[in-house]
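Fair warning: this is a prediction, and the values are worked out from it, not measured in the lab.
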Amino acid sequence: MIDTLDAILDDASRRLAKAAGDRRSPMHTPVVATGDADARVMVLRAFSEWSLRFHTDFRAPKVEVIAGDPRVGVLFYDKAENVQIRLRGTARIERDGPVADAAWEDGPNFARRCYLGEGPGTVTQTASSGLPAAFEGGEPTNEELIPARSNFAVMLIELTELDWFSLSHEGHRRAQFDLARGTSRWVTP
C-alpha cells in the first residue's frame, strides 16, 4: 500500500503516462466533463507535466462550451487495482499551431477519416456514422483527408487539482493535491 503523499503523486503520474501511451491501459479512456455538466469518454493522447491532450472535432458542442467556461473534470479508473484519479483543470482548444499540426500528422488515416463526416450531433434520418459512403469501413488517402484537417483540433487541459482514491481491504486511502500551489493533504475516503 502506498503510504506517502509523494509516492501517491508519483503513482498518479506513472498511471497517466502509461494511459496516454498504452491503449490497453484501463485509464486510456477517461470520462471528461465540461462546465455544462456534460460528460463523455475520450481517448487520452498525451500526458506531460500535469497537462493532458485529447483530440476533438472542432464542430463538437464541447468546443463552444469550453470557449465560454474552460473548467473541466476528468475521471480515470483502474478497476483491477481499485484506483480512481479525479482531476480538475482548465481546457483550451487549439485548431492550428504546432501541437495541433503534429497531432494531426501523427494520426493514422483510418482514425483521421472521422473528421471527414458530419459534425458531432448532426441529426440524421437513420443510424449513421456520419462518414461519406466512400469511407465507411475504408481508409482514405492523404489527399482525400485534406478537407478533414479543418475539423480537427486538440483539447489541452492544464491540471490544477488531483484527487487520488484507493479501495483496499486493508483500509481505503485518499489524498488531494493542489497542483497549482504544490500542496497536498490526506483526507478520509
Can you pull out every ring-ring contact (aromatic ring centres under 6.0 Å, His included) where at least one residue sits in residues 67-88? Sequence neighbours excluded, please. none
How many angstroms lie between atom NZ of K79 and atom CG of L167, to the nearest 0.5 angstrom? 12.0 Å
Between CZ of F47 and CG of L16, what distance do you get to the nearest 0.5 Å? 5.0 Å
Under a 3.5 Å cutoff, is there a donor and acceptor pairing between the side chains of E136 and S129? yes
Which pairs of donor and acceptor atoms, one on a side chain in residues 147-156, lie under 3.5 Å apart (sequence neighbours left out)?
residue	atom	partner	partner atom	Å
R149	NH1	R95	O	3.1
R149	NH1	F152	O	3.3
R149	NH2	R95	O	3.0
R149	NH2	D101	OD1	2.7
S150	OG	P147	O	3.3
N151	OD1	R59	NE	3.4
N151	ND2	Y115	O	2.8

According to salt bridge (Lys or Arg N to Asp or Glu O under 4.0 Å), does anything in [range] pair up with another residue at least two apart or in another chain? List the pairs.
| range | result |
| --- | --- |
| residues 6-23 | D11-R15, R15-D78, R15-E81 |
| residues 173-189 | D163-R174, D178-R181 |
| residues 105-134 | none |

Over 12 non-hydrogen atoms of neighbours within 6.0 angstrom of CZ in R88: no
Any sub-3.5 Å donor-acceptor pair from H28's side-chain atoms to R24's backbone N or O? no
Lys/Arg-Asp/Glu bridge criterion (N-O < 4.0 Å) met for E64, K62: no
How would you list, by chain and number, every residue that makes a side-chain hydrogen bond (donor to acceptor under 3.5 Å, both in side chains) with T141, sequence neighbours excluded? E144
With L87, the side chain to side chain contact (heavy atoms under 4.5 Å, CB included) member among L52, L75, T160: L52
